[in-house]
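Heads up, the thing below is written out as structure tokens.
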2 protein chains.
Amino acid sequence: MAQTLHNFHFEDLLNKHHLKKTAPRLRVLSMMSSRNTATSQPDLESVMNDIDRVTLYRILSAFEEKGIIHKVFDLNGTANYALCTSNCDEGHHHDEHLHFNCTQCKNVYCLNDLQLPAINLPVGFVPQAFTLYATGLCPKCSKKAVKQ
Amino acid sequence: MAQTLHNFHFEDLLNKHHLKKTAPRLRVLSMMSSRNTATSQPDLESVMNDIDRVTLYRILSAFEEKGIIHKVFDLNGTANYALCTSNCDEGHHHDEHLHFNCTQCKNVYCLNDLQLPAINLPVGFVPQAFTLYATGLCPKCSKKAVKQ
DNA sequence: ACGTTAATTGTAATATTGTTGCGTTTACAT
DNA sequence: ATGTAAACGCAACAATATTACAATTAACGT
Ligand SMILES: [Mn+2]
Ligand SMILES: [Mn+2]
Ligand SMILES: [Zn+2]
Ligand SMILES: [Zn+2]
């Protein structure tokens, strides 16, 4: 998100979901909103190395359950987390956008604006949610590739 | 695959890729071809508990590299493996089909016949491959749901 | 302000998944 | 039959995730 988000936004967000405003939670929200790509669990852990690992896992699963963030696995099966932009409710996510995983920088981009085309499944399959994944080069890495 | 595949098919397959025909490899191929869903790493490990874990990992990554199988992460980030049906080459996969993950039985189905619609990405993103994921109820589980 | 309490965090222990190094075995080409 | 590279088994380790429980603290009513 290029937009600067302020702490009281996060505090409101936590309030709304009946979650206590704690330092670790605010820091996680702040870190994730300061990036334009999803944040991997290893990243989160190394940046917030003063916060206990278990606490981080609990914060992440609480946020995910409340519909504040959503989880995406990248090419290597690593968990990445990004703020939900759509109005995701407790237990019901609506993050049916494209996830672009750059093979160079490994970043995962949420392309929220890209709406999925209609899919019709074989008989018997009852879909609940779709996600489209793409791999390739992100704008930064494709630019670099041209220069060389 | 409902079709019964015979051992000599697997032996030919291994030959083609310059892989030695060993008992563990043949058993992995046999197990995977006997199922109509992808096989999870935990499943593989518990069924083949007499084969060393490391050997299984090495077989899986060799097969994946050769384009014999492809890897899919399910909802929980667990690795699942399925035989490639498209002509996948060494290092180049073409498994751009839909992966359906049943929320009930947790099985991952490769819906090979379902071709992906065209997607146009924002400027700068250079795609290499796409995968479409869906979650929901598979035919078996949706049938059970109706009965209750 | 202050005390109460449920929610949250920290700590330790454990489980699961995946990797690396190395010695032994074996498939297969000659 | 024999030599050899490939594959396997074993041990040790690394990374990721979960559980149980004790200590702390944010939020609430007074
Ligand atoms: Mn996303
Ligand atoms: Mn598949
Ligand atoms: Zn990139
Ligand atoms: Zn099912």
Side-chain angles (χ1 to χ4, degrees), chain A residues 7-8 10-31 38-66 68-81 90 106 108, chain B residues 7-8 10-31 38-66 68-81 90 106 108:
Chain A
N7 234 23
F8 57 82
F10 304 142
E11 298 192 1
D12 285 351
L13 188 61
L14 293 177
N15 263 339
K16 182 177 137 191
H17 292 284
H18 309 292
L19 294 171
K20 287 188 183 178
K21 296 165 231 160
T22 66
R25 284 178 176 163
L26 289 171
R27 283 175 61 194
V28 168
L29 287 177
S30 164
M31 174 172 172
T39 307
S40 73
Q41 184 279 328
D43 257 31
L44 201 73
E45 195 173 315
S46 69
V47 170
M48 316 240 173
N49 55 352
D50 54 324
I51 299 178
D52 193 82
R53 284 168 34 76
V54 180
T55 300
L56 286 178
Y57 280 112
R58 283 191 284 227
I59 288 175
L60 292 172
S61 56
F63 283 2
E64 196 189 4
E65 199 168 291
K66 294 292 187 176
I68 297 174
I69 63 174
H70 60 281
K71 188 199 268 196
V72 189
F73 294 103
D74 66 18
L75 285 169
N76 310 311
T78 304
N80 288 64
Y81 299 88
E90 169 128 20
K106 314 296 180 195
V108 175
Chain B
N7 236 22
F8 58 82
F10 303 141
E11 299 191 1
D12 285 351
L13 189 61
L14 293 177
N15 264 339
K16 182 178 138 193
H17 291 286
H18 310 291
L19 294 171
K20 288 187 180 177
K21 295 164 231 161
T22 67
R25 284 176 176 166
L26 289 171
R27 283 175 61 194
V28 168
L29 287 177
S30 163
M31 174 171 172
T39 306
S40 73
Q41 185 278 330
D43 257 31
L44 202 73
E45 196 175 314
S46 70
V47 170
M48 315 238 171
N49 56 351
D50 53 324
I51 300 178
D52 191 82
R53 282 167 26 78
V54 179
T55 300
L56 287 179
Y57 279 111
R58 283 192 283 230
I59 288 175
L60 291 172
S61 56
F63 283 2
E64 196 188 5
E65 198 168 290
K66 295 291 188 179
I68 298 174
I69 63 175
H70 60 282
K71 188 200 270 199
V72 189
F73 294 103
D74 67 16
L75 285 170
N76 310 310
T78 305
N80 285 250
Y81 299 89
E90 169 127 21
K106 313 297 180 195
V108 174

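Throughout, protein chains are lettered first and strands after them, A, B, ... in sequence-line order, and every chain is numbered starting at 1.
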side-chain contact (heavy atoms from CB on, under 4.5 Å), that's the test. Do A/I59 and A/M48 meet it? Break it down for me. CA-CA 12 Å; A/I59 288 175; A/M48 316 240 173; over 6 Å; no
Looking at B/D50 and B/R27, is any side-chain nitrogen of the basic one under 4.0 Å from a carboxylate oxygen of the acidic one? yes
Between B/R53 and B/D50, which has a closest nucleotide on DNA chain D that is more 5'? B/D50
Integer-rounded Å distance: C/dT9 P and A/L56 CG: 9 Å
Spacing between B/L19 atom CG and C/dA29 atom P, to the nearest angstrom: 13 Å
Between atom CG in B/D52 and atom P in C/dG23, what is the gap in whole Å? 17 Å
B/L14 vs B/L26, test: side-chain contact (heavy atoms from CB on, under 4.5 Å). Steps then yes/no. CA-CA 9 Å; B/L14 293 177; B/L26 289 171; 3.9 Å; yes
Classify the nucleic acid contact of B/R58 as base, sugar-phosphate or nothing, counting any heavy atom under 4.0 Å across all strands shown. base
Nearest whole Å is fine: how far is C/dT11 P from A/N49 CG? 13 Å
Over how many whole Å does the gap from A/Y57 atom OH to D/dA20 atom C1' extend? 18 Å
How close or far is atom P of C/dT16 from atom CD of B/Q41, stated in whole angstroms? 11 Å
Rounding to an integer number of Å, can you tell me how far B/N76 CG sits from D/dT16 P? 17 Å
Interatomic distance, A/K20 NZ vs D/dC28 C1' [rounded to whole Å]: 10 Å
